[in-house]
4 protein chains.
Amino acid sequence: MSSKKHPEPPAPAVRRVPSQRPGPAGGKRDQNRRRRLAELCDAALALFLERGIEAVTIDEIARAAGMAKGNFYRYVEDKRDLVDALIAPVAAAIDAAMDRCEASTDAATDVAGLNAAYMRLALDLLQVYIAHRDLVRLYLQEARVPGVGARAPVAELEQRVTARTIALTRVAHEHALLAKIPPEVSALAVIGATERLLLAHLRDGIFEDEAQIATSLVRMVMEGITG
Amino acid sequence: MSSKKHPEPPAPAVRRVPSQRPGPAGGKRDQNRRRRLAELCDAALALFLERGIEAVTIDEIARAAGMAKGNFYRYVEDKRDLVDALIAPVAAAIDAAMDRCEASTDAATDVAGLNAAYMRLALDLLQVYIAHRDLVRLYLQEARVPGVGARAPVAELEQRVTARTIALTRVAHEHALLAKIPPEVSALAVIGATERLLLAHLRDGIFEDEAQIATSLVRMVMEGITG
Amino acid sequence: MSSKKHPEPPAPAVRRVPSQRPGPAGGKRDQNRRRRLAELCDAALALFLERGIEAVTIDEIARAAGMAKGNFYRYVEDKRDLVDALIAPVAAAIDAAMDRCEASTDAATDVAGLNAAYMRLALDLLQVYIAHRDLVRLYLQEARVPGVGARAPVAELEQRVTARTIALTRVAHEHALLAKIPPEVSALAVIGATERLLLAHLRDGIFEDEAQIATSLVRMVMEGITG
Amino acid sequence: MSSKKHPEPPAPAVRRVPSQRPGPAGGKRDQNRRRRLAELCDAALALFLERGIEAVTIDEIARAAGMAKGNFYRYVEDKRDLVDALIAPVAAAIDAAMDRCEASTDAATDVAGLNAAYMRLALDLLQVYIAHRDLVRLYLQEARVPGVGARAPVAELEQRVTARTIALTRVAHEHALLAKIPPEVSALAVIGATERLLLAHLRDGIFEDEAQIATSLVRMVMEGITG
DNA sequence: TATGAATGAGGATTCATTCAT
DNA sequence: GATGAATGAATCCTCATTCAT
């Protein structure tokens, strides 16, 4: 599996495809390649959601994107690279939200400031979810399987998100915003609950009303589930 | 040319891996069979946990179990079949626990009875977890990916567990044991939180103290996470 | 374990070897396809004649055709499919000859007309033989083995030829063109004698003079073999 | 395919299995092994007729004979060896009939003597057919495919039968018993016609009345098929 | 650029044959 | 003798990747 291109752990991060391309960045050429890449991403996303990243063939993706297999490699190096490109926007948005939250908590001088930072984070992540439903679903479906091969980028994102969430929770904990529960526990519990609800909604279409989920979730977080 | 698959009428279709094996059930032969199958399961489980079900080769499994590739097929029909055999004990135990809980809730005449049933379920599932840590971890890692190919049995189990949990929660909800939150929501939230914590523990070794997780989880479920 | 084959619902089932190929029918691409397929057929035919259809490996065929194993499947779905493509021209020609003969006998109003029809059939089949000596030899060699697997198309052809020949003979019989011998018997006897002679010629190179065979055959059919 | 045991052309003819066995020839031991071998032959014959020699697995044969696969090799060296044992009686009987006919023709001093010899041959062969219908059918089905692998013994028999028949016919021809047709031609024509009729009878069950076939065949040989 | 042909490594599966019990 | 477990070579088929056009 992971023999040449991606030596798994190290991840040298040499993207040769996207760089060194003719034409100015933003010119006709550049536009075109962006469009093609987007088409690839769209096609791949649909297939990945349906059958899982590993089971989908490069040929299938290319054909679903309306291009020949050989052309695939013009826009992307690998299936892994495609997954990378696919989740890049979500990863960037999440990282940005986390960055902002971290900055805010660092700068916060009182409990109110901290709370505001967390609230802001929640809203930012909500925006990500709204803007990238299918990508979020892909993340939810694939993030827990060992990050081997093409799934690596997803697993990496998951690790980063988890670690940063725990770190942020630790701050809240230190400021006594949370019950006497280890911050890792509460962080993971909230993440887990949220993710499970989103998955049920996105994959299985269980809830009609998204707002309802959010409200219930907040309430559970605040008060528990017992009557 | 013909483009459709050719049916081949004759095909005597001898069951490989037949249930009816020579020797009495429990005899030397039968024992050996079981042991070999167990070895396969053990070897496979380790590999599956490390790299994901899809990425693992039958040849690798066989070799890890100390047997030649061809021998694999004496004990199991498929990778999928192996996964089936692998999770069978957990599936059975979970189903049994759910059955018992359903029976108890059906028979319960008051709130105390209901609560006892749920508590019992929690303890039963805890036993499953204790007895099958690695299998539970496999389940947690793989259950959310679309159930295609060898992963199908896991996905099926996930669906069953989810559905039954929601059904049981609905009963609790109807008896006003829970806050005014849709039962699907609270069920999935608890499942999600629990699973995420278990995964962190089993896969990433985050918590030293398992009891701590349980306690915290219960508290969060009862009271929320805020201080 | 499960013992039955797992259906796998999704399976997008992309037709390999699709009829709809890029480029116009007759263009460069199409030409190339046909040539490659022809090369496969040629290589396969030689091997089949030498060692029998069953004993020949797909890899051998591909290599003999000067291509890599994997490429085989671009042009043909199966070994069976290849056999299908291989005998298609003969099958078509034979069927056409039979069709024509049937039409003629249907339209015939007198014995002369009937005789002309049969003579015409003989000449048509002779043309087939001349145009496809090796394929006829393949047919002769393989037609009698049970039509399992890749040999199926040959067996099917044999059945069709036999049935139609008997039907045509029956017509002749009804018009008293033949001795008081059941039409099935005389039909099969002639088929058998002819095929055996052709096989001896094509496979074992027994006769130098093809015309001699034909003449003798006709004479035997007309008068028997005794002096 | 034909790599170690049977180097195809040479055929060293070392049968190690049947020789060097404990017990006297004819004793309990010997009886037993004959019975087992016969069971193998019967089972194999049925399968061979149904699906062709090549397509049948050794495991299938053994199991159909009610023994374990490993036991197969106790009685027979190979599938080829089994085929050898299978057709041995027919081969021996045919050879004997041919031997006798050759001797008679050699000793014959007049045409009547020759005719008697041929008639005797025909009757002898008829006996063979009657005594070994299924084996004759197997021969008819398999004899024309190149004698590679397990089919070799059948192909060898075919060659011998053909050659000897032609030789005998040549004698008849030299004594002007036959029309002015090359003896190879008439020999093969009769063989071909006969074999085709037998195959139709044995495999496809076309004729109810065997005697009818024989009568018709003789008549055709003597007088041709035309009215 | 775009296409699909070509390659070959890799993985699943079967099966003849050997062996320990 | 009998059994079926074990082995590994052989074969089918797929698919990522490269290339010529």
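Naming: A, B, ... by sequence-line order, numbering from 1 per chain. Every heavy atom of this structure was used, including side-chain atoms; hydrogens, water molecules and symmetry mates were not. Predicted, not measured: the structure shown is a model, and the values here were computed from it.
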Using modelled atom types and a 3.5 Å cut-off, is there a donor and acceptor pairing between side-chain atoms of B:Glu50 and backbone atoms of B:Leu47?
no
Of the options E:dT1, F:dA6, E:dG11, whose atoms approach the side-chain atoms of A:Arg33 most closely?
E:dT1
Rounded to whole Å, the CG-C1' distance (C:Asp78 to F:dT14) equals 14 Å
Is the backbone N or O of C:Val145 less than 3.5 Å from a side-chain atom of D:Glu142, with the two atoms forming a donor-acceptor pair by type?
no
Identify whether the distance between the nearest side-chain nitrogen and carboxylate oxygen of A:Glu60 and A:Arg51 falls below 4.0 Å.
yes
Rounded distance in Å - CD (C:Gln31) to P (F:dT21)
16 Å
Please state how far atom CD1 in C:Ile58 lies from atom C1' in F:dA10, giving the value in whole angstrom units.
13 Å
Is B:Leu82 close to B:Tyr75 at the side-chain level, that is, under 4.5 Å between some pair of heavy atoms?
no
Can you tell me which nucleotide in F:dA2, E:dT7, E:dA12 comes closest to the side chain of D:Arg74?
F:dA2
Whole angstrom is fine here: how far is it from CG in C:Asp59 over to P in E:dT7?
12 Å
Looking only at F:dA2, E:dT13, F:dT11, the nucleotide nearest the C:Thr57 side chain is F:dT11
Checking contacts here: which listed nucleotide (E:dA6, F:dT7, E:dT13) is nearest the side-chain heavy atoms of B:Asn71?
F:dT7
As a quick check of understanding, evaluate side-chain contact (heavy atoms from CB on, under 4.5 Å) for A:Val83 and A:Phe48, giving each step before the final call.
CA-CA 10 Å; A:Val83 173; A:Phe48 289 164; 3.9 Å; yes
Starting at CG of D:Leu40 and ending at P of F:dG1, how long is that distance when rounded to a whole Å?
13 Å
Under a 3.5 Å limit for both distances, which nucleotide forms a Watson-Crick or G-U wobble pair with E:dC15, could you say?
F:dG8
In Watson-Crick or G-U wobble terms, with both distances under 3.5 Å, the base opposite E:dA9 is F:dT14
Starting at atom CD1 of A:Ile53, determine the distance to atom C1' of F:dA16, rounded to an integer number of angstrom.
17 Å
Could you state the atom-to-atom distance from CZ of D:Arg80 to P of E:dA16 in whole Å?
16 Å
Ion pair D:Arg80/D:Asp84, N-O distance below 4.0 Å
no
Closest-nucleotide mapping onto DNA chain F: is C:Phe72 or B:Arg36 further toward the 5' terminus? I mean the 5' end.
B:Arg36
Contact list please: residues 61-69 of chain C against DNA chain E, heavy atoms, distance less than 4.0 Å, in numerical order.
C:Met67, C:Ala68, C:Lys69
Keeping C:Lys79 on the side-chain end and C:Gly149 on the backbone end, is there a donor-acceptor pair under 3.5 Å?
no
So which nucleotide does F:dT3 pair with, by the Watson-Crick or G-U wobble rule with both distances under 3.5 Å?
E:dA20
Atom pair distance, as rounded to whole Å: OH in C:Tyr73 and C1' in F:dC15:
13 Å
Side chain of D:Tyr75, heavy atoms from C-beta onward: which of F:dG1, E:dT17, E:dA2 has the nearest atom to it?
F:dG1
